[in-house]
Asker: 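Quick one: the structure is below, and I'll ask about it shortly.
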Amino acid sequence: MLGGSILQSKHCLGLADMSTEEMTEILDNAVPMKQVISRDIKKVPTLRGKTVVILFFEPSTRTRISFELAAKHLSADTVNVSVSTSSVSKGESLFDTARTIKALGADLVVLRHPAAGAPHILARLIDVPVINAGDGMHEHPTQALLDLFTLRERKGELQGLKVVIIGDILHSRVARSNIWGLTKFGADVHLVAPPTLLPAGIGQTGVTVHHRPEDALVDSDVVMVLRLQRERQREGLIPGVKEYARLYGLNAARLALARPDAVVMHPGPINRGVEITDDVADGTRALITDQVANGVAVRMAVLYLLTLGREN
Amino acid sequence: MRLIIRGGTVVDPARGRMYRSDVLVDGERVAAVEKRIPARGARVLDAEGKLVLPGLIDMHVHLREPGQEYKETVATGTRAAARGGFTAVAAMPNTDPVADTAGVIRYVLEKAEDAGYARVCPVGALTRGSRGGELSEMGELCAAGAVAFSDDGRSVTSAAVMRRAMEYARMLGVPVISHCEDETLAGSGVMHEGLVSTRLGLRGIPAAAEEVMVARDLILAEMTGCHLHVAHVSTAGAVRLIREAKARGVRVTAEATPHHFTLTDRAVGDYNTLAKVKPPLRTDADVAAVREGLADGTIDVIATDHAPHAPHEKDVEFDAAAFGLVGLETAVGLVFTELVAKGVLDIPAAVAKMSLNPARILGLPSGDIEPGAVADLTVIDPDASEVVDPALLVSKSKNTPFDGYRLKGLPYATVVGGKVFLRDR
């Protein structure tokens, strides 16, 4: 079905270090994977006999289920490990777990961890491929890849697309991965957030920074909306959630500034009425359910390329 | 026992000169400094082509004893100091228990005496338990041997407490060493706040966290007349504030570490916890400003902030790793490689920042090589070169970010009160 992998990296840790060729290969491989999912019998024997360990140090259902489904569609055996970080010191448990993974004979590890760089550390400790399923505020590469896939599917080319990302960029690993991925493909990326929710130096990464959505949305092709955690108010980063919704929430009036064929994306879970209004989230221009479905296909492609693809 | 250091170039930092001379040590003291001293049965240390310096002093070291002997002890730390060319170190008080009583001060001094390597000058805690509340019994600590006061590891949060501490220290005639970090701005940051922290998704510590506190402490030093010594200056803004304060006549001195004049936040690379340190490694502009501050005299001292940690405290996620790195055994090499060879400081100026200036700040009787002076001497081979290998460090902990660095200009021998420690034995 698929050719040998050109993936340079053994792991999938982040898009900052991934070339456009590598990303393109993943996106290209996700196309036949999506066909597999659309069949009645959603299973191919590609990874039969392989064991994928899905290791989550942070609560999550969506991403975990997406990886699990992706592995199962490829006939891999999956082991789900959820580790509470409250009981033991984080460092110890990650290192102990690495030893366990080795002993279990896993063929691939999917790791989500609250500490940025934890997948890099794990990758140095074990000799099987590691997929970063979100590490702190660092990266969430498969989420960005599925966003790129969804956009490519809908818009054809990523080059030249005007993409506006609105929300809590500071804490968002999804935003970071998307910024690196989109700018590498030549998209015109615009960020919108109050200064308190923007990371230091982000303006030096080839993106344009705005503080008012109205300044960014005109002529945009894509609007990505990020979830706003309510604790940002308690942390003193925004004066209030209601004010945030008024200043930054994506509503129909704001969306009208974008191009008529502009699409709306959200990595979920949605805080309805805060960062996005119901009518926009449920509207015809929202690709939110496509994103979820494409996530499985893209993760199948990554799982495949990092395990079997390398052996060819 | 008599010792002749033969044929070296003696460096006199006080007068900014260097001259070829033999040095005769008799017992614990220098007996003669003359062109050619006949051996007459004395042990001869060949210093041809080498530099003979007044004993180097590292005024910012964490020896970890009492309480954290798994990281370092007074014995291992002072042995590392001697191997690194230091004849004396100032030991920071953030031990367990904190050095806020005369008992802890005396304990550290006794341990140093027993170990018999480099001398130790204890720094007393500024406040009880370094909690930033009540003042420690500073008079008692001075009487026991404390040479300065500090709550190093953190800032004294309350400006009012800092004011009283400075007033008291001024009366006692000892400096207050300030670790300048506004904890509310530093937050849970783990590295310098900037483009690199953004790329790595790590929480940042802005330069302002240091500068806000430097500004406050300079104002309090001006108000109280206390001698303020700013520890580990790392930002361009802090250098500027200190330079301006010195021009106004504020009693302030400052130190910079080899890692802050050598490395930037890029050293964090792919989450290298060995480069996790407070204050964090900053930007190219900050490194340039620290070097400029060293060159123009704004920064008086080079000190290492030697902070040993065990492997299990560093081999963890970046967020969970301990702050700090070991510096005693790489400092001289970094000073010669990064500052002397690159023309930032000439040899007498570099030596002044590691001997004369810390001695003056701490009120120690060192800095001159002349008959009658205590024989604390450091011999450096400016041509010796090596690649840093953490396994060769004699410090109990090996947490250096300089693994693989080529250093040129290395300690050859350290003489403490007439006792010789050759580096490679």
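Sequence lines set the chain letters: A, B, ... in the order given, protein chains first and strands last, and positions in each chain run from 1.
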Asker: Answer yes or no: is there an ion pair linking B:E183 with B:R154, defined by an N-O contact shorter than 4.0 Å?
Answerer: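 Between B:R154 and B:E183 there is a salt bridge, with a charged N closer than 4.0 Å to a carboxylate O.
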
Asker: State plainly whether the residues B:E338 and B:R291 are in salt-bridge range, i.e. N to O under 4.0 Å.
Answerer: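 Salt bridge flag = yes for B:R291 with B:E338.
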
Asker: Between B:D284 and B:R266, does at least one N-O distance fall below 4.0 Å, as a salt bridge requires?
Answerer: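 Between B:R266 and B:D284 there is a salt bridge, with a charged N closer than 4.0 Å to a carboxylate O.
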
Asker: Taking the side chain from B:E329 and the backbone from B:A80, do they hold a donor-acceptor pair closer than 3.5 Å?
Answerer: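 Checking the backbone N and O of B:A80 against the side chain of B:E329, no donor-acceptor pair under 3.5 Å is found.
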
Asker: Where the side chain of B:T198 meets the backbone of A:I202, is there a donor-acceptor pair that is under 3.5 Å apart?
Answerer: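 Not a single qualifying donor-acceptor pair exists.
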
Asker: Which residue, B:K396, B:K71, B:E72, B:K314, forms the side-chain hydrogen bond (donor to acceptor under 3.5 Å, both in side chains) with B:H309?
Answerer: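 Considering B:K396, B:K71, B:E72, B:K314, a side-chain hydrogen bond (donor to acceptor under 3.5 Å, both in side chains) with B:H309 is found only for B:K71.
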
Asker: If we define contacts as heavy-atom pairs under 4.5 Å, which of A:G117, A:A118, A:A16, A:G201 has the most with chain B?
Answerer: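 If we count pairs closer than 4.5 Å to chain B, A:G117 comes out on top.
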
Asker: Say whether A:S177 and A:E139, considering side chains only, have a donor N or O and an acceptor N or O under 3.5 Å apart.
Answerer: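 Yes, side-chain donor-acceptor contact under 3.5 Å.
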
Asker: Indicate, with yes or no, if the rings of A:H120 and A:H11 have centres closer together than 6.0 Å.
Answerer: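 Distance test on ring centres: not under 6.0 Å, no.
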
Asker: I need the contact set between residues 201-210 of chain B and chain A: heavy-atom distance under 4.5 Å, sorted by residue number.
Answerer: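 Residues in range: B:G201, B:L202, B:R203.
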
Asker: State whether B:R282 and B:D265 are salt-bridged, where the test is any N-O pair (Lys NZ or Arg NE/NH1/NH2 against Asp/Glu carboxylate O) under 4.0 Å.
Answerer: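 So B:R282 does not pair with B:D265 through a salt bridge.
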
Asker: What residues of residues 189-196 of chain A make heavy-atom contacts with chain B at a cutoff under 4.5 angstrom?
Answerer: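 Contacts with chain B: none.
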
Asker: Tell me if the centroids of the rings in B:H232 and B:H60 come within less than 6.0 Å of each other.
Answerer: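 Centroid separation for B:H232 and B:H60: below 6.0 Å.
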
Asker: Is it the backbone or the side chain of A:R173 that comes under 4.5 Å from a heavy atom of chain B, or both, or neither?
Answerer: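 No part of it gets close to chain B.
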
